[in-house]
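Hydrogens, waters and symmetry mates are skipped; everything else that's a heavy atom, side chains included, is used. Order of the sequence lines sets the chain letters (A, B, ...), proteins ahead of strands, with each chain counted from 1. Keep in mind that this is a model prediction, so the values were computed, not measured.
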Amino acid sequence: MSVTRCSLARFSLRRQRNGTPSAQGQRAEWESMADPLHSVARRLAPAFAAVAGRECDPVVRPSDRADAQANGALGLARELGSQPRAVAEAVLAAAGDLSDMLASTEVAGPGFINLVLRDGFIARELGAAMAEPTLGVTPASSVRTVVVDYSAPNVAKEMHVGHLRSTVIGDALVRMHGFLGHRVVRENHVGDWGTPFGMLIEHLVDLGEREAAHELGMGDLDAFYKEARRKFESDDGFKARARARVVALQGGDTETLRLWRTLVAESTRYFNIVYRGLDVLLTDDDLAGESKYNDLLAGIVERLDRSGLLVESDGAQVVFPEGFTNRENEPLPLIIRKGDGGYNYATTDLACVVDRVENLGADSLLYVVGAPQAQHLQMVEAVSRRAGWLDEHHVFHHVAFGSVLGSDRKMLKSRSGDAVKLAALLAEAVERAGAAVAEKNPEMSADDRADVARMVGIGAVKYSDLATDRVKDYIFDWDRMLSFDGNTAPYLQYAHARICSIFRRAGLERERVRTVVPILGDPRERTLAITLLRFDSAVHEAVDTASPHKLCTYLFDLATGFTSFYENCPVLRADDAVKTSRLALCDATARVLSAGLDLLGIRAPEQM
RNA sequence: GCCCCCGUAGCUCAGUUGGAUAGAGCAACGGACUUCUAAUCCGCAGGUCGCAGGUUCGACUCCUGCCGGGGGCGCCA
């Protein structure tokens, strides 16, 4: 397809500039079936090719003057040395009869081709899309093994808002990739190894295992960690024991390992409580902590040494990847083995790359890690490529995200100045949502209210995290995220709940209207139908750029379109044929809203 | 000092990889509830897209240089 070829050409230029493949390279991997813009582009491509004398992208885009516009003639005109409008006319002539798909085509302005879709075409396409379990979303044309590295809390440390972002964004990416048919491997790279464990284990011993387990199990991880740290800094005897304990841990001492496992087990038990509350997919099966790679580290050093990349610098074993410099403009090393013989996180990250590629068969490596880690991950990638562990087909993508800020535009902090506990944040979200439900819908039973409060409260927190460009910082604001106005989870959920309410009143099973091809008499019905068909490309674009907010923007657009339809097109009071048609549109909207929210890890209640 | 990210309406944010007149939601103002959930909707306003150059038929988008904010830059992770 010409679209594919043109996109690939653009991508290859991008790759040369960056020096590494990017996740955007997969743009060419799919050819959307449902999105009418793609259907039109496919249909116009041969006509453009005939005029251009080569394959050529018609550049079909949304338009505010028609359903779509083809912009390809403008660029082509210069290449051909002719007038853009003449090129556009020639393309339309070459395209022949388009009347099964388009109601009108018109050359406008400097050479745009405005395209109006035929109602029957839209209705037919929608019927076909909704007959599929994927709701028209095209599966990935080539299935990749995608390893997603996300969440990564630290054992014996509280989860805070930084983990919220990684966990929520990672979970959405996992769901979206899986939906497209990719093989997804979740990896929760928990911090369960390293020097802090000396003091943590000694504190565990001091406290008594039973008491320590209780404290950790209750989720009072911060107090545990802080007390260990305090003793480490103020008590020389404790410090000496902690250091000895690190040696014992690394030496594989049985009793020390047992104590260490207790810390890990109690902490992960607590993490799981948070994960369940947060409605994410992570389980113990996804744990791939730093300790897992411990035995591989010596091998990494050896392989780097054999390949001649490893050099000694200031007593440490390092690799100098090209293009990285320090303050003094000297080459910046990735430290593989410290002067004291210990390994650090760079070594572990390299071991992860090797494990994921060689053992898991990874094609894509996604790192849902904060933006400050950019340079470190670039260096890990550079060394991995130099060592030959990654080749051109491997995608190494740092899915970077910004910080969560308070209303003062500074990093979100609790009143006491500490990082905000994630568990407390989620509890407050549910409480606030519960209060709102109680106020707005007093008839709802207490049980239902509790369920809805959880879906709405957690959904609001997650959605506000997902709805904006992840690389930017975002401002945490309870009132805004829980509002039913604007681009929020409650707004989308409310649209869904209203549809469920219509079917309850109709006394009709949703499945009954599922095969209906709708009648698109009202402009609102027409717009809604077109928007429903764009679910396909919305999901693909979100996946290609690892940007869940693109799916959010689409779902908001869909909910807005539905609300407009809802306000102007009575469903239950309409004549039979129209009523059936509108019920079908309602059902389709509810399914796409529900599926879209599900891809974001958010539930869609049937009543609110 | 060098590198990376960000800068769009009073506020919070989109902007489909270079297309026509830059869009939403808050807040403000004016409207719509004997109605399928008014937790909603409609209207009205609101802009030197940080600044200045450049590339071209066309730039919020690409390039260069500044300004402002954040982050990173050798043995913590």
Sugar-phosphate, base or nothing in reach of A:D349, heavy atoms under 4.0 Å: nothing
Side chains of A:Y491 and A:T563, donor plus acceptor under 3.5 Å: yes
Short N-O contact, A:K292 and A:D192, less than 4.0 angstrom: no
Integer angstrom distance from the P of B:A24 to that of B:A45: 13 Å
Phosphate-side-chain proximity, A:R504 and B:U37, N/O vs OP1/OP2 below 4.0 Å: no
Gap between atoms OH and P, on A:Y494 and B:U37 respectively (whole Å): 8 Å
No-hydrogen, no-angle side-chain donor-acceptor test under 3.5 Å, A:D349 and A:Y293: no
Flag if over 12 foreign heavy atoms under 6.0 Å of CD, A:Q83: no
Distance test, side-chain N/O of A:R498 to OP1/OP2 of B:C36, below 4.0 Å: no
Sugar-phosphate only, base, or nothing, as touched by A:F324 at under 4.0 Å among non-hydrogen atoms: nothing
Distance below 4.0 Å between A:Y491 side-chain N/O and B:U37 OP1 or OP2: no
From B:C36, B:C26, B:G15, nucleotide with atom closest to A:D485 side chain: B:C26
Cation over ring face, A:R510 and A:F503, 6.0 Å, 45°: yes
Along RNA chain B (nearest heavy atom to each residue), the more 5'-positioned of A:L572 and A:N487: A:N487
Any donor-acceptor pair under 3.5 Å from A:T347 side chain to A:Y343 backbone: no
Syn or anti for B:C11 (syn when the glycosidic angle lies within 90° of 0): anti
Any A:R582 side-chain nitrogen or oxygen under 4.0 Å from OP1 or OP2 of B:C36: no
Interatomic distance where CD belongs to A:E439 and C1' belongs to B:A38 [whole Å]: 14 Å
Dot-bracket summary - RNA chain B, pairs being Watson-Crick or G-U whose distances fall under 3.5 Å, with | when paired to another strand: (((((((..((((.....[...))))..((((.......))))......(((((..]....))))))))))))....
Below 4.0 Å: OP1/OP2 of B:A14 and any side-chain N or O of A:K472: yes
Whole-angstrom distance between B:G23 and B:A9, as gauged at atom C1': 11 Å
Whole-Å C1' distance, B:U61 and B:A20: 16 Å
Euclidean distance for C1', B:C42 against B:G47 (whole angstrom): 24 Å
N-O pairing of A:K410 and A:D408 below 4.0 Å: no
Heavy atoms from other residues, nucleotides or ligands near CD of A:E322 exceed 12 (cutoff 6.0 Å): no
Spacing of the C1' atoms in B:U8 and B:G25 (rounded, Å): 15 Å
Whole-Å distance separating the CD atom of A:E541 from the C1' atom of B:G15: 12 Å
A:R534 side chain near B:U16 phosphate (N/O to OP1/OP2, under 4.0 Å): no
Contact under 4.0 Å: A:T468 side-chain N or O vs B:C13 OP1/OP2: no
Of the listed nucleotides B:C57, B:U37, B:G19, the one nearest the side chain of A:R78: B:C57
Touch class at under 4.0 angstrom, heavy-atom based, for A:A467 against every strand present: nothing
Among B:U37, B:G15, B:G25, the nucleotide that comes nearest once only the side chain of A:H549 is considered: B:G15
Nearest-nucleotide 5' precedence on RNA chain B, A:Q607 against A:A108: A:A108
B/S/- contact track for nucleotides 70-77 of chain B, protein heavy atom under 4.0 Å: -SSBBBSB
Whole angstrom value for the distance that separates P of B:G25 from CG of A:D557: 11 Å
Length of the line joining A:Y474:OH and B:A14:P, which is rounded to integer Å: 13 Å
Distance in angstrom units between A:L377 CG and B:C5 C1', rounded: 14 Å
Atom P, compared across B:C60 and B:G50: separation rounded to whole Å: 10 Å
Sugar-phosphate only, base, or nothing, as touched by A:I475 at under 4.0 Å among non-hydrogen atoms: sugar-phosphate
Between B:A27 and B:G46 - C1' atom distance, rounded Å: 11 Å
Parallel, tilted or perpendicular, as decided by the 30° and 60° cut-offs, for the rings of A:F476 and A:Y474: tilted
Neighbour count above 12 (heavy atom, 6.0 Å) for A:R504 CZ: yes
Heavy atoms of other groups near A:R603 CZ, more than 12 under 6.0 Å: no
Any donor-acceptor pair under 3.5 Å from A:S63 side chain to A:R65 backbone: yes
Verify stack between A:F112 ring and B:G19 base, 5.5 Å, 30 degrees: no
Touch class at under 4.0 angstrom, heavy-atom based, for A:P84 against every strand present: nothing
Worked verdict on A:F396 versus A:Y367 for ring pair (Phe, Tyr, Trp, His ring centres under 6.0 Å): CA-CA 8 Å; A:F396 182 109; A:Y367 292 84; 4.7 Å; yes
Selection from B:C36, B:C41, B:G19 that lies nearest to any side-chain heavy atom of A:E567: B:C41
Touch class at under 4.0 angstrom, heavy-atom based, for A:D469 against every strand present: sugar-phosphate
Interatomic distance where OH belongs to A:Y566 and C1' belongs to B:C36 [whole Å]: 5 Å
Touch class at under 4.0 angstrom, heavy-atom based, for A:C500 against every strand present: nothing
P atoms of B:C49 and B:G10, separation to the nearest Å: 12 Å
Listed nucleotide nearest any side-chain atom of A:R573, set B:U35, B:C13, B:A39: B:U35
A:Q69 CD - B:G58 C1' separation (whole Å): 13 Å
Sugar-phosphate only, base, or nothing, as touched by A:S501 at under 4.0 Å among non-hydrogen atoms: base
